[in-house]
Amino acid sequence: MPFLVIRALMILVALFWLEKSAAANGEERLLVVISDNNSIYKKFTSTFQSVLNAHDFGLPVDVVTAWSYRRTPAEYLEKTLLVVSVGAKATEEVMRGNREIPLYATLIPRQAFKGITAQGQSGKPPNTKISAVFLDQPVSRQFNLIKLALPQVRRIGMFTGSSVTVPQNLAEEEAGKAGFSLVTEKLGQNYPLATAIDRIFRKSDILLVLPDPGIIDTKTASTILMSSYRYRRPVAAYSEAYVKAGALLAVYSTPEQIGRYTANQVLAMKKNHWILPEESYSTEYSIEVNHWLARSLGLTITTKHKLLRELKKLEQVD
Amino acid sequence: MNLNISIVTIFFRWVTGLLGGCVLVTFSVYAETPDSPTQVTEQDILSDIPTVLSASRMPQPVSEAPAAITIIDSEMIEASGARNLVDVFRLVPGFVTANFDGNRAVVSPYGLSDVYSRRIQVLIDGRSVYSPDYGGVIWSDLPLALEEIDKIEVVRGPNAASYGANSFLGVINIITKPAAVSDGVRIKYTYGRQNTQDSLLQYGYAGKRADYRVTLGYQKDSGFEDLFDSRRTSFFNSRIDYRLSNNNTINVYAGALGGEIGEGKEGDAKDIPRDEHVLSNYQQVRWTYISENSGEYSLQYFRNYHDSRDSFVNAYGLYPVVLWDYDITSERHDLEFQHQVGFGSFLRLAWGVNGRIDSVTGEKIFNSNSDLESRLSRAFVNSEWHVGRDLLFHFGTVVERTTITDTEFSPRTAVNYHITPLHTIRASYSESTRNPTLVEEKAEIRICAISSDPSCTAIGSYFVASRSRGGLNPERIASRDIGYYGQITNSLQLDIRLSRKKLKYLIDWTLDNYPDALDVLGYSNRDVTDILEIAELQSTYSLDSNSKLAISYAYMDFEGGRYPEANKRFYTPSVPRQMASLLAVHNFGQGYKGSIGYYLLDRIRHLDTEDSTDTSLDPRRQLDLRLSRQFMLAGSEATISCVLQNVLDDYYEYQETDRKPISARYYVTLAMKFW
């Protein structure tokens with residue numbers, strides 16, 4: 001058995017060398033740097049590549065993990081027309097050395113992208129050769145969904161903390177546009193969860209939860225969702241997983257959707273002399289609704305398909 | 001227990017020598033460490049939120065469960081440095097783990113056990129692995145790698161209303177990781193003391209419709225010092241998660257284990273050193289349908305198979321050729337339907353029906369050429385009623401019948417009151433039964449002096465080692481609990497419980513006389529009521545995102561009912577008075593991670609060791625250390641870890657007779673993850 005393992009190991013090592021040397025030579029190309037090689041990024045790259053292939057992209061596309069890229073960035077960047085970095089880690093990695101080649105970051109939360117680019121520039125004028133497709137959703141989209149799904153809602157609750165992904169003034173402005181009043185509660189080291197939950201559910205009709213790694217981890221997520229059930233106040237969230245765990249509804253983009261959207265942006269860039277488009281949110285997204293929960297909260301919500309159609313219509317008008 | 005000079009010396013020798021060596025090794029390896037991102041990443045948005053629990057077969061947070069629960073997640077399993085699954089149960093308040101030898105591990109809540117711990121139910125992904133022949137769980141024969149486990153939910157106390165008979169003093173619910181998270185290739189190799197050499201190869205694939213994972217493993221060691229308890233087992237385990245549609249999922253699980261396990265001891269004619277050949281396998285399939293209107297339905301079938309070949313010929317007494325035949329085979333088929341549904345906003349329900357056939361063959365164990373069969377049918381219901389915002393009632397019961405028991409009801413009722421959303425008190429009453437095992441009910445272990453009569457029927461041609469009286473009643477327990485569960489601050493959780501359990505008809509050993517044999521081991525119900533009182537505490541504390549602490553403590557008081565002096569058995573010493581555990585994990589950054597496990601167990605005497613007070617084992621303490629380093633190696637994410645177990649005093653694990661104390665051990669593991 002140990003010999004079998006050692007042999008398998010040797011084969012794998014050999015395979016990795018082969019992969020690397022294959023990437024090192026060749027003509028002009030597109031380089032995709034992925035943060036990790038788990039299923040999230042695989043889903044992204046397979047959709048991304050199949051869309052490019054379907055439109056006869058014509059240039060070779062090399063996919064490399066951030067870890068492999070880190071060793072010999074210069075080698076990888078040679079003859080590369082555009083780097084697509086997938087995820088925060090890959091973006092950070094490519095940002096580190098590269099100043100020449102246009103970088104299109106994707107599948108990255110807006111706040112992470114802003115953080116990384118701010119670090120990278122350190123006061124210098126913004127590098128025009130960087131743009132991004134954000135993974136998260138614009139807060140206006142979240143508000144519009146709530147408006148369409150639950151027209152009776154007036155007050156939206158939101159936690160604010162050190163690393164919350166949407167600035168409070170922007171949220172307030174967008175809430176106003178959608179006709180909501182925004183109720184906020186601070187969360188953090190000196191602001192205990194119990195008090196914040198109690199206050200926010202008392203003062204609002206629905207709680208909008210946004211990703212905030214400083215505060216909303218899986219444990220607090222469970223606490224929030226259970227309190228939501230107890231206070232009979234629904235939670236709107238940013239992922240399908242949240243809805244499965246007990247949130248009422250969510251709007252989100254899957255890695256496949258981001259892959260498709262990014263591929264279309266890249267195809268457009270190719271026609272436009274590789275000039276990067278503006279930073280953008282994906283126009284491809286999904287909606288999930290927990291109808292079972294809705295019924296137990298005494299709410300009636302139309303189907304997710306109808307909501308999606310209406311939301312897209314609304315965004316086109318905007 | 002005194003910390004004398006030599007122990008200090010040993011301690012420092014281990015720590016400075018071995019652990020230091022490990023540090024050197026981990027430093028000198030060509031190393032690149034992945035940065036840990038400080039901001040929100042795509043993982044934060046795309047990751048799963050674990051649903052919270054299955055104490056009543058319904059997802060619930062700990063604060064709303066009808067019973068006391070301990071959750072051990074994969075991070076704790078890793079940090080504990082456990083090589084064998086049973087080691088992690090030291091983290092559960094009141095749970096005694098002991099290794100009879102290198103192969104036979106015992107996990108028993110609150111002691112009260114011999115080498116077969118029969119008073120706890122164990123499920124792996126909803127499949128009962130409680131053995132139908134001797135009872136208990138044969139931990140070493142489970143085709144399961146620690147790497148496959150996502151989390152373990154341990155229900156402390158009876159839980160028959162959810163999982164039926166034998167969920168007596170607790171239920172261990174092992175939940176494996178979804179196949180999708182094991183994407184890629186993983187290799188692991190462990191080398192350590194007692195000739196330990198474990199290897200593992202795992203391949204996982206996450207696809208559009210289906211995810212799957214296959215694990216191959218090999219475990220080898222020479223067991224305890226001076227005992228014939230070596231192990232050479234290979235196993236494979238697999239899981240397929242198939243999404244038929246948005247609402248339909250099929251999970252398929254299958255695994256097998258085979259190998260040789262050392263048995264016996266030098267100089268014992270009845271138990272000569274030998275290899276037992278074991279083979280176990282299982283197949284399981286579950287279909288889950290989630291309806292938008294009427295809840296979740298699931299249908300599950302599984303089959304377990306276990307075969308042990310353990311027979312030998314040896315001279316004994318005046319007989320030159322005696323056949324000792326302990327061969328036994330068991331098989332289980334189980335079919336279960338379950339429906340989970342909510343009515344309005346106040347009532348949730350999980351109900352279902354379950355049918356099971358256990359068959360056991362052991363010619364010389366049951367003195368029978370045919371299969372022995374035990375059939376079980378069961379219906380269960382668990383409900384959760386929300387009354388207002390802060391009050392929650394649970395009602396549940398199981399009705400079940402087996403070939404060897406009458407129809408039994410085991411109800412449970414609980415009330416949870418949220419003083420505030422984060423502080424909850426719970427009071428509960430729960431009943432359960434433990435069915436007699438086939439061996440307890442029907443054993444007739446005959447040892448044949450085959451030279452005189454190979455058919456082993458004529459009086460004088462055999463010895464009787466054990467003979468059941470039959471007609472045993474199921475054991476009964478009624479438990480009254482009061483508990484508190486609170487999230488004291490964002491980072492501190494506390495769980496306290498007081499429990500009083502009444503135990504009736506515990507099945508005990510007796511010595512019986514028959515015309516063909518004297519002093520034969522048999523089984524009978526204790527016709528007294530025993531009382532077990534427990535006060536326990538568990539707490540987890542996160543200092544920051546890099547440091548975590550989990551502690552547990554239990555105080556137990558067992559008051560055995562009076563029993564006729566003639567065949568008395570001391571149950572009391574089998575319950576330790578106190579036990580405690582502490583697990584601290586720290587992430588040093590740069591890929592370094594360290595953890596410390598400290599475990600205390602009070603004086604204990606297992607039920608099958610001799611009946612005299614001086615055979616009780618002294619209180620023991622164990623200190624385990626683990627240091628690991630993550631780095632890049634040949635394109636893989638590699639982890640090298642060093643585990644030092646039991647760095648303090650040597651101690652006796654199960655009994656003192658015929659063996660040496662357990663001394664310190666080390667294991668070095670290299671794990672690599674490729675994509």
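Order of the sequence lines fixes the chain letters, A, B, ..., with proteins taken first and strands second; residue numbering starts at 1 for each chain.
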Exceeds 12 heavy-atom contacts within 6.0 angstrom, atom OH of B:Y205 = no
Mark yes when over 12 heavy atoms from residues, nucleotides or ligands other than B:Y191 sit less than 6.0 Å from its OH; otherwise mark no.
-> no
Under a 4.5 Å heavy-atom cut-off, does chain B meet the side chain of A:S253, its backbone, both or neither?
-> backbone
Is it the side chain or the backbone of A:Y41 that comes within 4.5 Å of chain B heavy atoms, both, or neither?
-> side chain
Any side-chain heavy atom of B:M632 sitting closer than 4.5 Å to one from A:R70?
-> no
Could you pull out all residues at least two apart from B:R186 that satisfy salt bridge (Lys or Arg N to Asp or Glu O under 4.0 Å)?
-> none
CG-CD distance between A:D36 and B:E42, expressed to the nearest 0.5 angstrom = 9.0 Å
Output all residues satisfying side-chain hydrogen bond (donor to acceptor under 3.5 Å, both in side chains) with B:S245, sequence neighbours left out; order by chain, then residue number.
-> B:N248
